[in-house]
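Working notes for the structure below.
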Protein chains: 4
Amino acid sequence: MTDANDTAPPPGRRDARRNRERLVEAARRTFAEQGLDAPFDVVARRAGVGNATLYRHFPTRAALVDAVFGDLLAATSAAGERARSAPDPWEGLVGYLEHVFAGLAADRGSNDLMTAHLPDSRTLEAVHAHNRRTVELLLARGREHGSVRPDLTPEDVLLALAALGRTVPALAGAAGPGAWRRPLALLLDGFRASPGHGALPSPALRPEQFDAVLHRLGPHRAAPTRPGGPAGT
Amino acid sequence: MTDANDTAPPPGRRDARRNRERLVEAARRTFAEQGLDAPFDVVARRAGVGNATLYRHFPTRAALVDAVFGDLLAATSAAGERARSAPDPWEGLVGYLEHVFAGLAADRGSNDLMTAHLPDSRTLEAVHAHNRRTVELLLARGREHGSVRPDLTPEDVLLALAALGRTVPALAGAAGPGAWRRPLALLLDGFRASPGHGALPSPALRPEQFDAVLHRLGPHRAAPTRPGGPAGT
Amino acid sequence: MTDANDTAPPPGRRDARRNRERLVEAARRTFAEQGLDAPFDVVARRAGVGNATLYRHFPTRAALVDAVFGDLLAATSAAGERARSAPDPWEGLVGYLEHVFAGLAADRGSNDLMTAHLPDSRTLEAVHAHNRRTVELLLARGREHGSVRPDLTPEDVLLALAALGRTVPALAGAAGPGAWRRPLALLLDGFRASPGHGALPSPALRPEQFDAVLHRLGPHRAAPTRPGGPAGT
Amino acid sequence: MTDANDTAPPPGRRDARRNRERLVEAARRTFAEQGLDAPFDVVARRAGVGNATLYRHFPTRAALVDAVFGDLLAATSAAGERARSAPDPWEGLVGYLEHVFAGLAADRGSNDLMTAHLPDSRTLEAVHAHNRRTVELLLARGREHGSVRPDLTPEDVLLALAALGRTVPALAGAAGPGAWRRPLALLLDGFRASPGHGALPSPALRPEQFDAVLHRLGPHRAAPTRPGGPAGT
DNA sequence: TATGAATGAGGCTTCATTCAT
DNA sequence: TATGAATGAAGCCTCATTCAT
């Protein structure tokens, strides 16, 4: 599952693979804690290798991100497949979003991945593409099925996902790992077909407009966690 | 409402007022582009003054923010008053949120103001407090009135506001100044009382938990607009 | 007593004298608290005048010091005169030193004055000169009288004064305004003629050597008094 | 005794050891000239390396001080041991103080070390602790033995050491490396038991008061050695 | 290839000193 | 003349990136 997006040729050579894996794992944890713009030195130190080794394996931040979130692609894809084949399309959509949010709550880095644009990251592009495709399919089925409001577009869902997703780590830190369930439920009530819902105003985002939004959102940076506790002052 | 919070009200001196205004204007633009944690030096350079001059006028970042967004407080307060006295509470809530989002769309800095925690900024605290109070009142009336779903809390609304608000400048940039209307409508459909809505899961955020969320969100930082691509490296 | 050392011509002109006095008073207090290298702006602000006004009155730090400690010259001179005419020379010496130390304990600035070399300060030179002369006379009488050990030179006393003097403000802050009495008593027991005292080794400092010592000691700078209390950490 | 306190003992890497040594040497000289609060940049420049390199080797000032003065701890400890085991306690005390002063005369930095408070420096704390303990023991023995005046406390001696110690480098510079002998002899005559000595006035400093005094004294800063003369502006 | 080290630039803040009104 | 403002340099620290072994 990792191969398609690796910067280095397949899993090439010697014990350098060990180093690479340690780097990826260290980066995963560091990104989860500090966001995608964590210092390189921190990642290297955590991996127990020199920083230059990190550069050798991953010449750019995007390459590292690619490697780190290769797995996310797999996991997201799998969740997407499950959702696509769910008998009830509404349940499929709900389950899919819940899966994504649970990941965001568990891992700060995933958050950035789903909501951030990072140039040159093939993994990220792949995640975004698969994500979009999944939502498209689920919405289409849901509209047919009558459970999803007819004027809801994939971009509506993706935008809501990005917006709420960016708050999920903060929510998790302040109110526990399941705190995203309530705002998600609110969102879903808006997505659902209901006689009480009026028509949505203003045109839906076109796909490339949504991409531009992500692009402009940029990588997220957390409030510095100062000594004294993360929720104070 | 504005004067009481200014760091150094109009009774300034001579041409230094010119400088002050240039600083505030530079800060406004810089905050709009880079977020509330934009480098002081950038603001000063943009204003065409030395960095120490910036410090003279605004000894702390909070003072600068206060100066820049003093107007926002007044505007938000006025909008809040109007909303509170609206005959129809649902219309009042909608109108208030529309006002806030329109402000966010017009000025990136406003976004941070509404959603960021910045210690010692009286303007920011005042904006937050007024905002919360307005939402509280409107929800209370709306629930009585039957238009707002009964289990919706102010924190639900404030969180949605913060989450979507953070994307508004990106939306505006990518799809025009009114692009927030559609996602807001989706949100509102979730807020409205409707037989199709289930009960909201997981406990509502307590006020101090919401504050902690804001704190953890930190100031937003836009994708750096570098030569070669706006989001990365 | 002030005139001889003023930088500005006698007490010249108009209401500028008022400003000058306020500056001198502000400088006295500021020097007392922060030492002779206190920021100019602090002095000016405390005096309620612009910093440029301070510069106009006192183009150099030395000029300000001169003005500030003109009074000290007077006070020290008076104490010296009293000491010189004391019936018992030992009592005179003790009383003089006690006077000086009491001043040091009360006023941080005095400390610097007595022990610091500051180029171009005529007041400081005058204080030093008078101080030396007083000690010389008292020692001469004390040796004749038999109460002072015969090999004690003025430089011995002046050096001890400078060394202990530099600690007096710290002593006062940590253990009260009279804390200098005990170490001074120890010193005096060493100064006194006594059969138990051997001959002093190594040659006495020559006057110009003592000046060089003061020169090298430079102005004293206190430990920054950080929030949290001055005696902690 | 030295190795245990090194920030990064010999097992360094390659030619970086060269850099480290150059940094330590540069720091030693710079501290000797400017005191323990000399600018980091100056040290780095003198060592011919970038300032960040200094930070890499010594993340805090205390670490640098520790590295620079690690030897002093060993030397002081050894001198303390010799003094404690001297047959004649008075001679032990005298010898110990002479050793300390000789060190001060040779190296300005040592001066600060003995008399300055610097948070988090293990070397400094160790030096202070050992110094105090040595003086305590020697005084106790000397009082029993009858050579030390009975009311003399360790804090009396330590304060005198700090006060005179601060002048020793200036003394050495102005009058030669042995110039401290004469003022030390004067002090010792005051310490010695003698019928001519009265009772010491005012209570002795308590240990924590003495610590507060050191804290307040802060690091010493020499007169800036500028072009145009060694002590002035 | 891997490494630790080195670097330089950038952001922050404080002050002495000069300038414009 | 008095003033507040402006300035630039200096010190602190952090990090992305390149170098020497």
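Per chain, numbering begins at 1; letters A, B, ... match sequence-line order. Computed from heavy atoms alone, side chains included, the values below leave out hydrogens, waters and symmetry copies.
- Across the protein-nucleic acid pair, B:Asp37 atom CG and E:dG10 atom P stand 18 Å apart, rounded to whole Å.
- Formation of a donor-acceptor pair under 3.5 Å by the A:Asp66 side chain with backbone atoms of A:Thr123 is found in this model.
- Residue D:Arg61 is in sugar-phosphate contact alone, with no base atom involved, counting any heavy-atom pair closer than 4.0 Å across all strands shown.
- One can place CZ of B:Arg56 at 12 Å from C1' of E:dC19, the figure rounded to the nearest angstrom.
- Each of B:Gly48 and A:Asp41 was matched to the nucleotide of DNA chain F holding its nearest heavy atom; the match closer to the 5' end belongs to B:Gly48.
- Distance OG1/C:Thr53 to CZ/C:Arg22: 10.5 Å, rounded to 0.5 Å.
- Closest of all the heavy-atom pairs between A:Leu64 and A:Ala27 is CD1-CB, 3.8 Å.
- With contacts defined as side-chain heavy-atom distances shorter than 4.5 Å, the pair B:Phe40/B:Phe58 does not qualify.
- Projected onto DNA chain E by closest heavy-atom contact, D:Gly50 and B:Phe40 fall at different nucleotides, the more 5' of which corresponds to D:Gly50.
- Summarising the geometry, the separation between CG on C:Leu36 and P on E:dA16 is reported as 13 Å, rounded to the nearest angstrom.
- Judged by distance alone with a 3.5 Å cut-off, a donor-acceptor contact links the side chain of A:Asn51 to the base of E:dA5.
- Checked by atom type and distance alone, the side chain of D:Arg61 never pairs as donor or acceptor with a backbone atom of D:Ser121 at under 3.5 Å.
- Using a 4.0 Å cut-off, no side-chain N or O of A:Asn19 falls inside it from OP1 or OP2 of E:dT1.
- Atom CZ in C:Arg17 sits roughly 16 Å away from atom P in F:dT1 (whole-Å rounding).
- Helical stems of DNA chain F (runs of at least 3 Watson-Crick or G-U pairs, donor-acceptor distances under 3.5 Å) are listed by first residue: E:2-21 with F:2-21.
- In this structure, CZ of A:Arg22 is placed 13 Å from C1' of E:dA2, rounded to the nearest angstrom.
- Taking NE2 of A:His57 as the start and CG of A:Asn19 as the end, the distance is 5.0 Å to the nearest 0.5 Å.
- If you check every strand for non-hydrogen atoms under 4.0 Å, D:Val49 touches sugar and phosphate atoms only.
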Check step by step if side chain to side chain contact (heavy atoms under 4.5 Å, CB included) holds for A:Val49 and A:Leu23.
CA-CA 8 Å; A:Val49 308; A:Leu23 278 167; 3.6 Å; yes
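- Computed from coordinates, the A:Arg18 CZ to E:dA2 P distance equals 15 Å when rounded to whole Å.
- In this structure, the nucleotide among E:dA2, F:dA5, E:dG11 sitting nearest to the side chain of B:Pro39 is E:dG11.
- Distance, D:His57 NE2 to E:dA5 P: 6 Å, rounded to whole Å.
- Each of D:Ala52 and B:Ala38 was matched to the nucleotide of DNA chain E holding its nearest heavy atom; the match closer to the 5' end belongs to D:Ala52.
- For A:Tyr55, the side-chain atoms get nearest to F:dT17 when compared with the rest of F:dT7, E:dT7, F:dT17.
- Applying the side chain to side chain donor-acceptor pair (under 3.5 Å) test to A:Glu25 and every residue at least two apart in sequence or in another chain returns A:Arg28.
- Nucleotide E:dT14 holds its P atom 12 Å from the CG atom of B:Leu54, rounded to whole Å.
- Residue B:Thr53 has a polar side-chain atom (N or O) positioned under 4.0 Å from OP1 or OP2 of F:dT7.
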